[in-house]
Amino acid sequence: MGELVNCPRCGRLFVKHSIRDVCEQCYKEEEALFEKVYAFLRKRENRTATMAQVVEATGVSESLITKWIKMGRIHLVHFPNLGYPCEMCGTMIREGKLCPKCRTNLQTELKWYEEEKERQRKKQITYYVQKDEKH
C-alpha cells in the first residue's frame, strides 16, 4: 500500500507508489517530456549529443534527464556523450553515484577510519594484575 505524500513538483497530495514519485498529473507531464527527449535522441545525428545539447534542444531539465538515466529509461550505452554528475564532485559519469576518484577517496577514508577504530580499541584494553598477598 502506498503512503499519502505531497508531490515534490506541484505540492498536490497523492498516494506514492514505489514506481512513481510524483502525482498523476506531473507523471503525465514527465512522460510527455520523456517522449520529447527520447524522440530527440533517437535521431541518428543526435545520438552523440551531450547533456547540455539535449537540455538546450528539448528544454527539459538536466535533473529530469538524469533521473531517467538513473531509472534505466535512457541507456547510456547508446549515447556515448551523455552522462550525469558525480554526487560528490560533479564530474560527469556514466554509471553509479560516484566517479572513480571520489569512490577511491571514500574507500581510502573508510579503510583509514576502520584502522583508526581498531587502534583505539587496542589502546583501551585494560590488564588486571592479581596481587600476591604473601609478601
Side-chain angles (χ1 to χ4, degrees):
M1 190 74 171
E3 83 179 277
L4 192 62
V5 296
N6 290 86
C7 176
R9 289 188 66 206
C10 69
R12 287 187 193 94
L13 278 176
F14 77 105
V15 178
K16 183 176 180 180
H17 300 284
S18 59
I19 298 170
R20 294 185 190 160
D21 60 348
V22 293
C23 70
E24 185 68 24
Q25 185 174 343
C26 290
Y27 175 75
K28 287 178 182 177
E29 291 171 12
E30 282 187 6
E31 283 303 298
L33 293 172
F34 175 78
E35 289 302 322
K36 187 177 185 178
V37 168
Y38 202 69
F40 174 79
L41 290 171
R42 271 196 312 253
K43 293 180 183 174
R44 181 176 226 95
E45 65 270 12
N46 297 333
R47 291 187 183 162
T48 58
T50 63
M51 180 67 80
Q53 291 169 328
V54 175
V55 169
E56 184 180 327
T58 63
V60 178
S61 71
E62 183 175 335
S63 62
L64 199 50
I65 297 169
T66 299
K67 174 183 168 181
W68 296 325
I69 292 170
K70 288 180 178 181
M71 288 173 65
R73 295 190 71 193
I74 297 176
H75 300 280
L76 295 182
V77 69
H78 303 297
F79 310 108
N81 296 326
L82 273 185
Y84 53 92
C86 166
E87 291 187 6
M88 285 184 75
C89 70
T91 300
M92 293 305 275
I93 57 175
R94 296 180 52 81
E95 64 182 10
K97 293 183 177 191
L98 302 174
C99 68
K101 182 180 176 185
C102 289
R103 189 171 35 247
T104 300
N105 288 344
L106 187 59
Q107 289 170 338
T108 302
E109 288 177 19
L110 285 171
K111 185 178 176 185
W112 176 86
Y113 174 77
E114 289 298 322
E115 290 170 354
E116 186 63 25
K117 201 163 101 175
E118 181 64 21
R119 279 193 288 280
Q120 292 299 323
R121 189 188 67 76
K122 286 181 179 180
K123 283 183 180 179
Q124 292 176 359
I125 295 176
T126 305
Y127 295 96
Y128 295 94
V129 178
Q130 194 169 14
K131 222 176 177 182
D132 189 12
E133 297 291 330
K134 292 181 185 177
H135 292 95

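Keep in mind that this is a model prediction, so the values were computed, not measured. Nothing fancy with the numbering, it's 1 onward along the sequence.
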Co-members of Phe14 in a cluster of I, L, V, M, F, W and Y side chains, linked at under 4.5 Å: Val5
Once you round to the nearest 0.5 Å, how far does CG of Leu33 lie from CD1 of Ile65? 9.0 Å
Would you please name every residue forming a side-chain contact (heavy atoms from CB on, under 4.5 Å) with Gln25, sequence neighbours left out? Arg12, Cys23, Glu29
Restricting to pairs with a member in residues 88-97, which pass side chain to side chain donor-acceptor pair (under 3.5 Å), not counting sequence neighbours? none
Contact summary for Met51 and Thr66, nearest pair of heavy atoms: CE-OG1, 3.8 Å
Do Tyr84 and Ile74 have side-chain heavy atoms sitting under 4.5 Å apart? no
Starting from Tyr27 and following side-chain heavy-atom contacts under 4.5 Å between hydrophobic residues (I, L, V, M, F, W, Y), which residues can be reached? Val22
To the nearest 0.5 Å, what is the distance between CD on Gln120 and NZ on Lys117? 11.5 Å
Give the minimum heavy-atom separation between Val54 and Ala49, together with the two atoms involved. CG2-CB, 3.9 Å
Sequence neighbours left out, cut at 3.5 Å: what donor-acceptor pairs do the side chains of residues 101-112 make with other protein atoms?
| unit_1 | atom_1 | unit_2 | atom_2 | d |
| --- | --- | --- | --- | --- |
| Arg103 | NH1 | Leu98 | O | 3.0 |
| Thr104 | OG1 | Pro100 | O | 2.9 |
| Thr108 | OG1 | Thr104 | O | 2.8 |

Who pairs with Lys28 by side-chain contact (heavy atoms from CB on, under 4.5 Å), at least two apart in sequence or on another chain? Glu24
side-chain contact (heavy atoms from CB on, under 4.5 Å) with Asn6: which residues, sequence neighbours excluded? Leu13
In chain order, what residues pass the side-chain contact (heavy atoms from CB on, under 4.5 Å) check against His78, with sequence neighbours excluded? His75
Applying salt bridge (charged side-chain N to carboxylate O under 4.0 Å, His left out), name anything that partners Glu35, two or more places apart in sequence or on another chain. none
Side-chain donor-acceptor contacts of residues 37-45 below 3.5 Å, not counting sequence neighbours, with atom names and distances?
none

Any pair counted as salt bridge (charged side-chain N to carboxylate O under 4.0 Å, His left out), so long as it reaches residues 65-77, sequence neighbours left out: Asp21-Lys67, Glu30-Lys67, Glu31-Arg73, Lys70-Glu87
Hey, could you give me each pair passing salt bridge (charged side-chain N to carboxylate O under 4.0 Å, His left out) that has a residue in residues 56-65? Not counting sequence neighbours. none
